[in-house]
Asks: 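Pasting a structure here, questions to come.
The analysis underlying the following values was restricted to heavy atoms, covering all of them including side chains, and did not include hydrogens, waters or symmetry mates. Each ligand, and each atom within it, is numbered from 1 in the order the structure gives. For the single chain, residues carry numbers from 1 onward in sequence order.
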Amino acid sequence: MSEEQIKNLEEQFEARILRDDKIEPKDWMPEKYRQTHIRQISQHAHSEIVGMLPEGNWITRAPSLRRKVALLAKVQDEGGHGLYLYSAAETLGISRDEMFDQLHTGKAKYSSIFNYPALTWADMGAIGWLVDGAAIINQVALCGTSYGPYARAMVRICKEESFHQRQGYEIMLKLANGAPEQKDMAQDALNRFWWPSLMMFGPKDDESPHTAQSMKWKLKRKTNDDLRQQFIDQTVPQADILGLTIPDPDLKWNEAKQGYDFGEIDWDEFWQVVKGHGPCNKERMKARVNAWENGAWVRDAAMAYADKKSELKNKQAV
Ligand SMILES: [Fe+2]
Ligand SMILES: [Fe+2]
């Protein structure tokens with residue numbers, strides 16, 4: 001293709017983005033758009049399946065049958081989200097094996113929040129309330145993203161996330177209104193998950209290397225700082241209803257901006273965890289790699305079964 005032709009295609013592409021057209025897998029797209037989307041969608045998929053680990057850890061210890069059923073369903077949903085997203089990423093020309101390889105070798109990132117441990121049952125409440133709550137805010141913004149398969153996956157995922165958020169909040173509500181020990185557990189979980197939840201929106205806008213391009217391509221519809229502010233403004237009144245205290249002495253309503261001012265995030269901790277030095281990075285990767293290796297026989301058996309079936313079908317057709 002001549003340079004002139006590529007320039008033409010690029011102009012048409014930018015015009016489509018401006019018109020809010022969805023970009024579909026077979027459409028022409030700039031290579032950088034493809035690569036950026038592969039990176040973001042696969043990281044998102046990895047976050048869903050690694051996110052199954054801290055909560056999966058509590059399924060056998062849920063305090064009642066009802067709690068067990070809800071948690072089991074939630075963890076299963078996260079696996080499903082991973083599957084939609086891996087499929088969306090595959091439409092851009094990367095294979096699932098390659099994505100798993102990137103995850104297992106540490107080349108690909110996933111959300112750092114899952115590198116924090118889930119120490120008590122109250123953490124199931126805090127994770128649902130705060131982590132799924134923060135995920136919804138990020139993901140609702142993505143329902144309008146320009147890449148069609150990603151946007152459609154997000155619509156479905158968001159519906160399930162709001163159930164996750166509510167079941168987490170309900171656990172918190174129960175504990176916060178329970179015995180003093182239960183309320184302390186809920187407060188402790190909030191103390192540990194509050195700041196990592198704020199970090200889920202990523203670095204500040206002026207330190208976020210991909211924000212400008214991602215906004216232009218409508219991969220991102222709102223900036224990290226805007227989304228973080230929205231999360232705080234929405235969550236503080238919910239903590240008030242619980243009668244719990246947000247662990248931030250600088251948190252204060254600002255009448256002029258109609259939002260809360262808040263304290264400085266520990267960015268040093270943020271980068272430490274991103275770089276692999278969080279409390280559970282090694283443990284999470286070990287669990288993933290083990291699951292992959294121990295599941296090899298299941299994949300082999302499924303392939304052998306599929307081959308036999310198609311052989312049989314071919315014989316019958318003859
Ligand atoms: Fe999810
Ligand atoms: Fe979720």
Asks: Give a yes/no verdict on a cation-pi contact between Arg299 and Trp292, requiring under 6.0 Å between NZ or CZ and the six-membered ring centre and an angle within 45° of the axis.
Replies: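 So Arg299 does make the cation-pi contact.
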Asks: Would you mind counting protein N, O or S atoms that sit less than 2.8 Å from the Fe ion (ligand 1)?
Replies: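 Counting protein N, O and S atoms closer than 2.8 Å to the Fe ion (ligand 1) gives 4.
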Asks: Less than 4.0 angstrom from a charged side-chain N to a carboxylate O is my criterion; do Glu31 and Arg34 meet it?
Replies: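 Result for this pair is yes, salt bridge flagged.
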Asks: For Glu3, is there an ion pair with Lys7 - N to carboxylate O distance below 4.0 angstrom?
Replies: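 No, Lys7 and Glu3 are not salt-bridged.
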Asks: Parallel, tilted or perpendicular: which fits the ring planes of His46 and Tyr86, with parallel below 30° and perpendicular above 60°?
Replies: tilted
Asks: Asn254: what forms a side chain to side chain donor-acceptor pair (under 3.5 Å) with it, not counting sequence neighbours?
Replies: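 Result, side chain to side chain donor-acceptor pair (under 3.5 Å) vs Asn254: Asp261.
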Asks: Between the side chains of Arg228 and Asp225, is the shortest nitrogen-to-carboxylate-oxygen separation below 4.0 Å, so that they form an ion pair?
Replies: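 Result for this pair is yes, salt bridge flagged.
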